[in-house]
Amino acid sequence: MDTFKNLRLPACALLFLLPASAHAQIKGEIGRASDVIIEGSILEPEKLQMGDDDKLTDLIRAPDGFKVEVFARDLVNPRMLAVSDTGVLYATRRSVGDVIMLKDADGDGKADGAVTVASRPGMHGIAFDGGKVFLVTIHDVYTADVKEDGTFGPLTRIINDLPDAGQHANRTLAVGPDGMLYISSGSTCNECQEDNPENAALLRASKDGKSRTIFASGLRNTIGFDWETTTGALYGVDHGIDWLGDEVQIEELNRLEQGKKYGWPYVYGMSGLNPHIDPPEGISLEDWARQSTEPVLGYTPHSAPMQMAFYDGSAFPQDYRGDAFVAMRGSWNRRPPSGYEVVRINFESGKPVAFERFLEGFLQQQENGKYGYLGRLTGVAVGNDGALFVADDSNGVVYRVTHEGGQQAAAGEARTIPNAVAEQPASKIALDLVEAKGEQPIAVRGAFPADQPIPLQYAADGDNASPALEWDGGPEGTKSYVVIVDDPDADKPKPFTHWLAYDIPGDLTKLREGLPATPILQEPEGLKQGANSRGSIGYTGPKPPVGDPAHHYHFQVFALDVETLGIDPGATRDAVLAAMEGRVLAEGEIVGTFEPPAAGQEDE
């Protein structure tokens with residue numbers, strides 16, 4: 001029996017697009033001693049159910065010429081969608097903990113049924129790469145062969161140590177044009193200082209899972225991301241912070257680039273300053289905003305963006321090709337509610353210019369003024385025939401959207417997306433790139449004998465603590481020191497830089513073990529740390545790929561004739577080396593080794 005009663009369509013202005021410059025509801029003074037007033041709401045629409053497909057789809061509004069049909073229902077909790085190379089649709093079900101195959105063998109536009117093809121607790125992200133499928137749960141990434149009948153072969157776990165999830169357990173993944181895995185790892189909280197730099201980030205990993213880095217950071221929860229089809233630029237939609245007001249924070253469309261940070265948790269939207277939390281000591285909110293990248297577009301706050309997919313099909317009108325679709329699951333923290341829709345991002349010449357609504361009507365206002373929803377949209381995927389699939393994880397429905405007429409895009413071969421990620425060219429260790437003014441080397445001593453194994457507590461899979469380091473004082477005129485730790489035995493990047501520490505006071509000749517991974521240290525005061533090759537700040541310990549011979553880690557110390565390099569914390573190795581040019585009085589190093597565990601030992 002239908003429980004859908006007493007409903008009327010909302011006014012056209014019920015939901016609206018919020019310009020990036022809209023007035024925020026935060027009032028007061030923002031800083032390390034904020035004094036503000038924030039007005040917020042809790043408004044949770046009621047779930048509405050309708051068993052009649054025709055009545056249900058009649059309430060869903062789409063642009064002229066488009067038709068919305070129920071492809072499958074009674075699926076419990078379909079979340080992320082993906083289409084295999086052979087054109088079969090799959091959906092992950094987080095609450096059920098599986099992946100289902102939704103075949104349409106007779107081509108009638110309806111799924112023949114749901115077949116479970118993989119099961120693991122917390123299954124959420126899914127991506128195909130030829131005859132392989134990749135799946136991600138909270139902590140693990142799996143791969144499997146796709147059989148001729150569409151079912152999956154045995155799952156092989158290739159990653160088992162993704163960070164804890166907390167508030168955002170919705171891991172997603174995709175295979176990029178560079179042949180690497182991209183994994184979204186949301187924050188553990190609404191707003192906090194994460195202790196694991198892999199949270200609130202987009203990770204980049206090899207398809208065998210043996211190596212990974214942080215591609216971009218400062219992303220609260222970027223579930224949806226995809227590559228623009230003509231430029232290869234990567235775009236993602238990030239969830240804004242809750243409890244900053246009904247009209248704050250916008251949902252962000254970010255152009256995601258390697259090594260950049262995107263504000264969270266200290267900065268939101270178009271350089272808005274979060275009054276509730278401050279960056280580490282020594283960095284202001286304004287500093288953090290200056291060092292962060294603003295979104296390219298903003299959308300109505302609290303809409304909750306989910307999966308994102310660029311349209312590369314040939315069944316919609318020509319002007320849709322190259323645009324992106326995003327499922328908006330819907331708000332609980334805004335009055336009036338927002339989201340509960342699918343939006344289109346209009347791209348022109350490969351660049352985003354505007355959001356516009358594509359599917360509406362899932363949010364309904366009843367005669368008593370209360371709100372209800374027919375669906376909370378989570379997944380979007382483009383079928384091989386050009387149809388758009390949309391998943392609703394609340395009422396367990398997958399929709400299929402087609403176009404009935406109008407100018408069609410010409411069918412052709414699948415478009416090859418360019419690789420926009422430039423690999424860092426191979427280089428030498430810092431000592432071989434820097435010319436010291438003096439010939440007398442600095443004697444360096446570490447927490448391990450020279451050319452001997454580095455103890456496990458200093459490795460990434462140990463305590464990941466920086467080892468104690470000591471050196472003889474530099475020559476007369478030394479005003480500061482720089483420490484750079486390079487691994488020239490790494491494959492990519494070469495060398496892999498494990499530590500950048502600079503502006504070390506000139507009267508110091510040692511560093512204790514276990515320094516915090518903060519941009520600026522309070523003790524020793526003023527010491528700044530840069531970005532390592534993992535993509536985090538401060539020290540990261542040895543972690544060679546399983547099967548490699550022992551790697552050599554060069555702990556290099558440089559004496560400089562200036563008190564400061566004059567660059568921000570979080571700088572790259574190239575920026576540090578450039579700032580050191582002509583300022584180095586003396587240099588020295590100690591080398592340690594670290595051998596990865598043998599294959600099969602890493603899970604013991």
Side-chain angles (χ1 to χ4, degrees), residues 17 78-83 89-92 124-128 134 136 168 170-177 181-186 201-203 215-216 219-240 250-257 262 295-300 302-313 316 320-330 338-347 350-359 376-383 387-393 398-399 401 415 417 420:
L17 274 67
R79 294 279 292 185
M80 299 296 102
L81 300 178
V83 176
L89 179 69
Y90 298 79
T92 62
H124 195 257
I126 177 171
F128 288 94
F134 291 91
V136 62
H168 299 124
N170 308 307
R171 307 286 191 244
T172 54
L173 83 174
V175 180
L181 278 178
Y182 288 75
I183 306 165
S184 179
S185 176
L202 184 67
L203 311 179
F215 184 79
L219 299 167
R220 181 174 178 265
N221 193 25
T222 296
I223 292 174
F225 59 93
D226 199 5
W227 287 265
E228 198 278 323
T229 55
T230 60
T231 64
L234 176 59
Y235 289 89
V237 280
D238 197 39
H239 285 231
I250 57 171
E251 309 291 33
E252 299 181 357
L253 175 67
N254 292 301
R255 178 170 174 167
L256 302 175
E257 297 180 81
Y262 292 84
V296 291
L297 289 177
Y299 193 67
T300 314
H302 309 292
S303 295
M306 301 295 287
Q307 196 168 16
M308 172 184 181
F310 276 94
Y311 187 78
D312 58 356
F316 286 8
Y320 278 81
R321 191 166 172 86
D323 291 348
F325 291 103
V326 181
M328 297 288 184
R329 191 167 187 269
S338 58
Y340 304 92
E341 61 193 350
V342 174
V343 299
R344 170 192 179 190
I345 306 175
N346 195 330
F347 276 71
K351 295 182 179 180
V353 295
F355 282 93
E356 58 184 66
R357 293 191 180 85
F358 182 69
L359 297 183
R376 303 196 73 181
L377 296 319
T378 50
V380 290
V382 180
L388 181 71
F389 294 100
V390 178
D392 158 27
D393 76 337
V398 171
Y399 297 90
V401 185
R415 187 178 296 174
I417 301 174

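- Shortest non-hydrogen contact noted between Pro352 and Leu297 is CB-CD1, 3.8 Å.
- When each of Ile417, Asn254, Leu202 is tested with Leu234 by the rule side chain to side chain contact (heavy atoms under 4.5 Å, CB included), just one qualifies, namely Leu202.
- If you take CG on Leu256 and OG1 on Thr222, they are separated by 6.0 Å, rounding to the nearest 0.5 Å.
- Inter-residue side-chain proximity for Thr230 and Glu228 is flagged as met; some heavy-atom pair is nearer than 4.5 Å.
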Worked check of side chain to side chain contact (heavy atoms under 4.5 Å, CB included) between Tyr262 and Glu257: CA-CA 10 Å; Tyr262 292 84; Glu257 297 180 81; 4.0 Å; yes

List the steps, then state whether side chain to side chain contact (heavy atoms under 4.5 Å, CB included) holds for Ser184 with Arg171. CA-CA 6 Å; Ser184 179; Arg171 307 286 191 244; over 6 Å; no

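- A donor-acceptor pair under 3.5 Å links the side-chain atoms of Glu251 to the main chain of Gly240, judged by distance alone.
- Of all the heavy atoms in Pro78 and Ala391, the pair that sits closest is O-CB, 3.8 Å.
- Within the 4.5 Å cutoff, the side chain of Ile223 has no heavy atoms near those of the His168 side chain.
- Contact annotation: the side chain of Met306 approaches that of Arg79 to within less than 4.5 Å [non-hydrogen atoms, C-beta and beyond].
- Only one option out of Phe347, Phe325, Trp227 pairs with Phe310 in a side chain to side chain contact (heavy atoms under 4.5 Å, CB included); it is Phe347.
- Take Asp392 and apply the salt bridge (charged side-chain N to carboxylate O under 4.0 Å, His left out) test, not counting sequence neighbours, and it matches no residue.
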Should Tyr235 and Phe225 be marked as a ring-ring contact (aromatic ring centres under 6.0 Å, His included) after you check the CA-CA gap, both sets of side-chain angles, and the distance that decides it? CA-CA 6 Å; Tyr235 289 89; Phe225 59 93; over 10 Å; no

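- Asp323 is not listed as a side-chain neighbour of Ile345, based on a closest heavy-atom distance of 4.5 Å or more.
- Shown here for Ser303 and Gly339, the closest heavy-atom pair between the two residues is OG-N, 3.6 Å.
- In this structure, the separation between CG on Leu81 and CD1 on Ile126 is 9.0 Å, given to the nearest 0.5 Å.
- From Asn170, atom CG reaches atom OG of Ser185 across 11.0 Å, with rounding to the nearest 0.5 Å.
- In terms of heavy atoms, Gly379 sits closest to Ala327 at N-CB, 4.1 Å.
- Arg376 has its side chain within reach of Asp393: a pair of non-hydrogen atoms, C-beta onward, lies under 4.5 Å apart.
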Test Tyr299 against Val237 for side chain to side chain contact (heavy atoms under 4.5 Å, CB included), laying out the working first. CA-CA 10 Å; Tyr299 193 67; Val237 280; over 6 Å; no

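- Contact annotation: the side chain of Leu359 never approaches that of Glu341 to less than 4.5 Å [non-hydrogen atoms, C-beta and beyond].
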List the steps and the verdict of side chain to side chain contact (heavy atoms under 4.5 Å, CB included) for Tyr182 and Phe215. CA-CA 8 Å; Tyr182 288 75; Phe215 184 79; 3.9 Å; yes

For a ring-ring contact (aromatic ring centres under 6.0 Å, His included) check, start with the C-alpha distance between Phe128 and Phe134, then their side-chain angles and the critical distance, and finish with the verdict. CA-CA 6 Å; Phe128 288 94; Phe134 291 91; 9.6 Å; no

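- A distance-only check finds no donor-acceptor pair linking the side chain of Ser338 to the backbone of Thr300 [under 3.5 Å].
- When every heavy atom of Ala174 is checked against every heavy atom of Ala127, the shortest pair comes out as CA-CB, 3.8 Å.
- Ion pairing between a basic and an acidic side chain is recognised when a charged N comes within 4.0 Å of a carboxylate O; Asp238 and Arg220 show no such pairing.
- Seen from the ring of Phe355, Arg344 does not count as a face-on cation partner, given the 6.0 Å and 45° thresholds.
- Side-chain contact between Val343 and Glu356 is absent, with no heavy atoms from C-beta onward closer than 4.5 Å.
- In this view, Val382 and Tyr311, Asp312, Leu388 satisfy the side-chain contact (heavy atoms from CB on, under 4.5 Å) rule, not counting sequence neighbours.
- Using a 4.5 Å heavy-atom threshold, the side chains of Gln307 and Thr172 count as separate.
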